[in-house]
**Student:** 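Take this structure, written in structure tokens, and hold onto it; I'll ask about it next.
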There are 2 protein chains.
Amino acid sequence: MARVAGVSQATVSLVLGEKWRGRVSERTVRAVRAAAGELGYRPNLAARSLRLGATRTALLVVPALTHEYFARVYAGAAKVADEHGFGVVLYPSPAGIGPARDPFGSARAAIDGVIASSMAADALAGIGDGGLPLVMLDSDPDIPGGPPTVNLAVADGMRQVTRHLLDLGHRRIAHIAADVDTWTFRVRTEAVTAELAAAGVPAAARQTSALNVAAARDAAVRALSAPGPRPTALLCDDDILAAGACKAARALGLRVPDDVSVSGFDDLALATALDPELTTVRLPAESIGEHGMSALLALLAGRPAPPVELPLTLLPRASTASRT
Amino acid sequence: MARVAGVSQATVSLVLGEKWRGRVSERTVRAVRAAAGELGYRPNLAARSLRLGATRTALLVVPALTHEYFARVYAGAAKVADEHGFGVVLYPSPAGIGPARDPFGSARAAIDGVIASSMAADALAGIGDGGLPLVMLDSDPDIPGGPPTVNLAVADGMRQVTRHLLDLGHRRIAHIAADVDTWTFRVRTEAVTAELAAAGVPAAARQTSALNVAAARDAAVRALSAPGPRPTALLCDDDILAAGACKAARALGLRVPDDVSVSGFDDLALATALDPELTTVRLPAESIGEHGMSALLALLAGRPAPPVELPLTLLPRASTASRT
DNA sequence: CTGTTAGCGCGTTCAA
DNA sequence: TTGAACGCGCTAACAG
């Protein structure tokens, strides 16, 4: 207690709470601040939370922390949270390799609200959303009256890649799809199908794969060695899948992009680590984190949080080329 | 308040705290539990923390969340934390692109202890280590009387790679070193130097590089096009650097591993995404997280936490081959 | 075996 | 302008 610090106690609260407009004298304020500095005073968060009923902490639920995308979403959310005196704690959902089942057991900090990223709607039911303010990132926006959403223009991004391949003259395009049942991946498949149909090109042969390099390699081998004319382009749902596709091509003696073009999605660090560098679509991951946190903040303040949709940009690089 | 739930209040505390061995009757216990279920009762963490003076939460400080290694350390730490009713909150240190300066502002949950991973000793001074129990991961163990440490046998790992290249017949080995001033990287350089000297092989030409692919590529180009005989192997401090090295080789018209061998360190997902797959050293990331949390738990319980050193294993893959 | 009481550190309201 | 008193929800000690 900084009452040793000269004057009183409630005064301290006023000063450190910046609420002394016309209540405390300048001199006293300086005294309190000095004392607080000397004693290295730290307000007790637990007591403050108890009194205020709020913890100024948000929970970010992600399917898997090891995917670079979510680390960037976290960074974005943490940035704007910090600007408002909020904290963010991570909860890697059990759907991934996640350790715990209950966020209130794992990230046991008390929580004012939840931000869920790229989660299946039902996986979220497990979360203790007992009336907690909730914002959904990169999720199905079609729920009327549902929580506020911050979305990526995933469909448009996928359309851009498809068109890019089409423009390069490709007509036999295989789609390496992630077999993850979330909105973000369902939309990708739909967009590819629709865009191809609109161009009057035969529907893509589709192979599904788990989200890892080895599985993607196998899927791509299947796509490339299927009966009938060989695809000239492999359109992948994710950079990780694209990495597997490149390996598959090489294993079959095909060169990228000379014999087969490969495109990714996400623009992970991986995309430029590969050789040739991956044509892919950049996702504004930090930005979606920032918008998500802003929406949650709005919710907590009782303000409405209008839905947001963030644009994606195609990054043509060396892994795609004209059909020769 | 679950006192509406039948009996009393302190009784509830006992029941939910599993401390009613010979204090409360079976019947009452059932009544309390039923009521708690009906009312969807959630103990208030803030109040509990206030009363107990402990938050059962640990802070994990990492240099950068986007590096897959730290995500895995977190997963390990979170796993054992959860087993003990603890939570883990992440604090990406400002040294990286991190958002905030003060962990008590950013990850504002109150903290019982701190686990610092791969941090420079001085960067840690900024952390509010005001007498907080501290465990250091993958850090300089040479501080006597310092905090408990959990270390990786980094030197041994680096020795294994060096020996591997030596055994393959390489005599002109260039070292692509990360220019990050932390123990873990300093040790790598020392180990390479020592092992080469022990084998009576000329010291490695060394190029330093920031920890990203583009910088590594440039560094590797410098190493490969330096005056004098060209190195036949590129020994890299990290898989990311190795990815850059592979690109450099190819840009110079050299084949990996036929013309030049490349080795990495960390066994990231990247290592098997590349083609050829990277010879690298596997780091038991989850394991170091687990041991770190265990050590912190020991500290909090007043038990001593003996230093731990975890072994590393060499993973020979396709990016290294005999000198032809 | 069960209920009562006190106080953790803070913000706030009320009286001086 | 400031000090004193109350209560947030919980648990540990003690009284019944």
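The sequence lines fix the lettering, A, B, ..., with proteins before strands; numbering per chain opens at 1.
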**Student:** Please determine whether a side-chain nitrogen or oxygen atom of B:Arg51 lies at a distance below 4.0 Å from atom OP1 or OP2 of C:dG7.
**Tutor:**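 Checking C:dG7 against B:Arg51, no side-chain N or O comes under 4.0 Å of OP1 or OP2.
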**Student:** Is B:Ser25 close enough to C:dT2 that one of its side-chain N or O atoms is under 4.0 Å from OP1 or OP2 there?
**Tutor:**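 Looking at the OP1 and OP2 atoms of C:dT2, one of them is under 4.0 Å from a side-chain N or O of B:Ser25.
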**Student:** Can you tell me if A:Arg72 uses its side chain to pair, donor with acceptor, with the backbone of A:Leu283 under 3.5 Å?
**Tutor:**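 Yes, A:Arg72 side chain to A:Leu283 backbone: donor-acceptor pair under 3.5 Å.
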**Student:** Tell me the interatomic distance from B:Leu16, atom CG, to D:dT11, atom P, rounded to whole angstroms.
**Tutor:**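 Rounded to the whole Å, the gap is 8 Å.
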**Student:** Map B:Leu14 and B:Ala46 onto DNA chain D by nearest heavy atom, then report which one ends up closer to the 5' terminus.
**Tutor:**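 In this pair, the answer is B:Ala46.
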**Student:** Examine distances only and state if a side-chain atom of B:Ser139 and a backbone atom of B:Leu137 form a donor-acceptor pair shorter than 3.5 Å.
**Tutor:**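 Flag set: sc B:Ser139 to bb B:Leu137 pair under 3.5 Å.
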**Student:** Between A:Tyr69 and A:Ser118, is any pair of side-chain heavy atoms under 4.5 Å apart?
**Tutor:**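 When only atoms from C-beta onward are counted, A:Ser118 and A:Tyr69 do touch, with a gap below 4.5 Å.
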**Student:** Would you say A:Ser49 places a side-chain N or O within less than 4.0 Å of OP1 or OP2 belonging to C:dC10?
**Tutor:**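 So the side-chain polar atoms of A:Ser49 never come under 4.0 Å of the phosphate oxygens OP1 or OP2 of C:dC10.
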**Student:** Find the distance A:Trp20:CH2 to C:dT13:C1' and express it as a whole number of Å.
**Tutor:**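 From A:Trp20 CH2 to C:dT13 C1': 21 Å.
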**Student:** Whole angstrom is fine here: how far is it from CD in B:Glu18 over to P in D:dT11?
**Tutor:**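 So the two atoms are 12 Å apart, to the nearest Å.
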**Student:** Could you state the CZ-C1' distance from B:Arg27 to C:dC1, rounded to the nearest angstrom?
**Tutor:**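 Those two atoms, CZ and C1', are 12 Å apart.
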**Student:** In a table with atom names and distances, give each donor-acceptor pair under 3.5 Å that connects a side chain of residues 291-307 of chain B to protein atoms at least two apart or in another chain.
**Tutor:**
unit_1   : atom_1 : unit_2   : atom_2 : d
B:His291 : ND1    : B:Ser287 : O      : 2.9
B:His291 : ND1    : B:Ser287 : OG     : 3.4
B:Ser294 : OG     : B:Glu290 : O      : 3.0

**Student:** For A:Ser13, which contact category applies under a 4.0 Å heavy-atom criterion: base, sugar-phosphate, or nothing?
**Tutor:**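 The answer is base, as A:Ser13 lies within the cut-off (heavy atoms under 4.0 Å) of a base atom.
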**Student:** Given atom CG of A:Leu50 and atom C1' of D:dC10, what is their separation to the nearest angstrom?
**Tutor:**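 Distance check: A:Leu50 CG to D:dC10 C1' gives 8 Å.
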**Student:** With nearest nucleotides of DNA chain C determined for B:Ala10 and A:Ala47 from heavy-atom distances, which residue corresponds to the more 5′ nucleotide?
**Tutor:**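 Closer to the 5' end of DNA chain C: B:Ala10.
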**Student:** More 5' along DNA chain D: A:Arg23 or B:Pro43, using each one's nearest nucleotide?
**Tutor:**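 Between the two, 5'-proximity favours A:Arg23.
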**Student:** To the nearest angstrom, how far is B:Arg48 atom CZ from D:dC8 atom C1'?
**Tutor:**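 For the pair B:Arg48 CZ and D:dC8 C1', the rounded distance is 16 Å.
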**Student:** Nearest 0.5 Å, what's the CD1-CG distance between A:Ile288 and A:Asn151?
**Tutor:**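 Result: 6.5 Å between the selected atoms.
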**Student:** Please round to the nearest 0.5 Å and tell me the distance separating atom OH of A:Tyr74 and atom OG of A:Ser117.
**Tutor:**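 These two atoms lie 14.0 Å from each other.
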**Student:** Send over the distance from A:Leu45 CG to C:dG11 C1', rounded to a whole Å.
**Tutor:**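 Interatomic distance, CG of A:Leu45 to C1' of C:dG11: 14 Å.
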**Student:** So, is B:Thr11 near the phosphate of C:dG3, with a side-chain N or O under 4.0 Å from OP1 or OP2?
**Tutor:**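 Yes.
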**Student:** Would you confirm whether B:Asp112, through its side chain, and B:Arg56, through its main-chain N or O, come within 3.5 Å as a donor-acceptor pair?
**Tutor:**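 Present.
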**Student:** Provide, to the nearest angstrom, the distance between the CG atom belonging to B:Asn44 and the P atom belonging to D:dG7.
**Tutor:**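 Whole-Å distance recorded here is 18 Å.
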**Student:** So what does A:Leu52 hit on the nucleic acid, given a heavy-atom distance under 4.0 Å: a base, only sugar-phosphate, or nothing?
**Tutor:**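 If one applies the 4.0 Å heavy-atom cut-off, A:Leu52 turns out to touch the sugar-phosphate alone, with no base involved.
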**Student:** Quick one: the dot-bracket string of DNA chain C, using Watson-Crick and G-U wobble pairs with both distances under 3.5 Å, [ ] for crossing pairs and | for bases paired to another strand.
**Tutor:** |.||||||||||||||
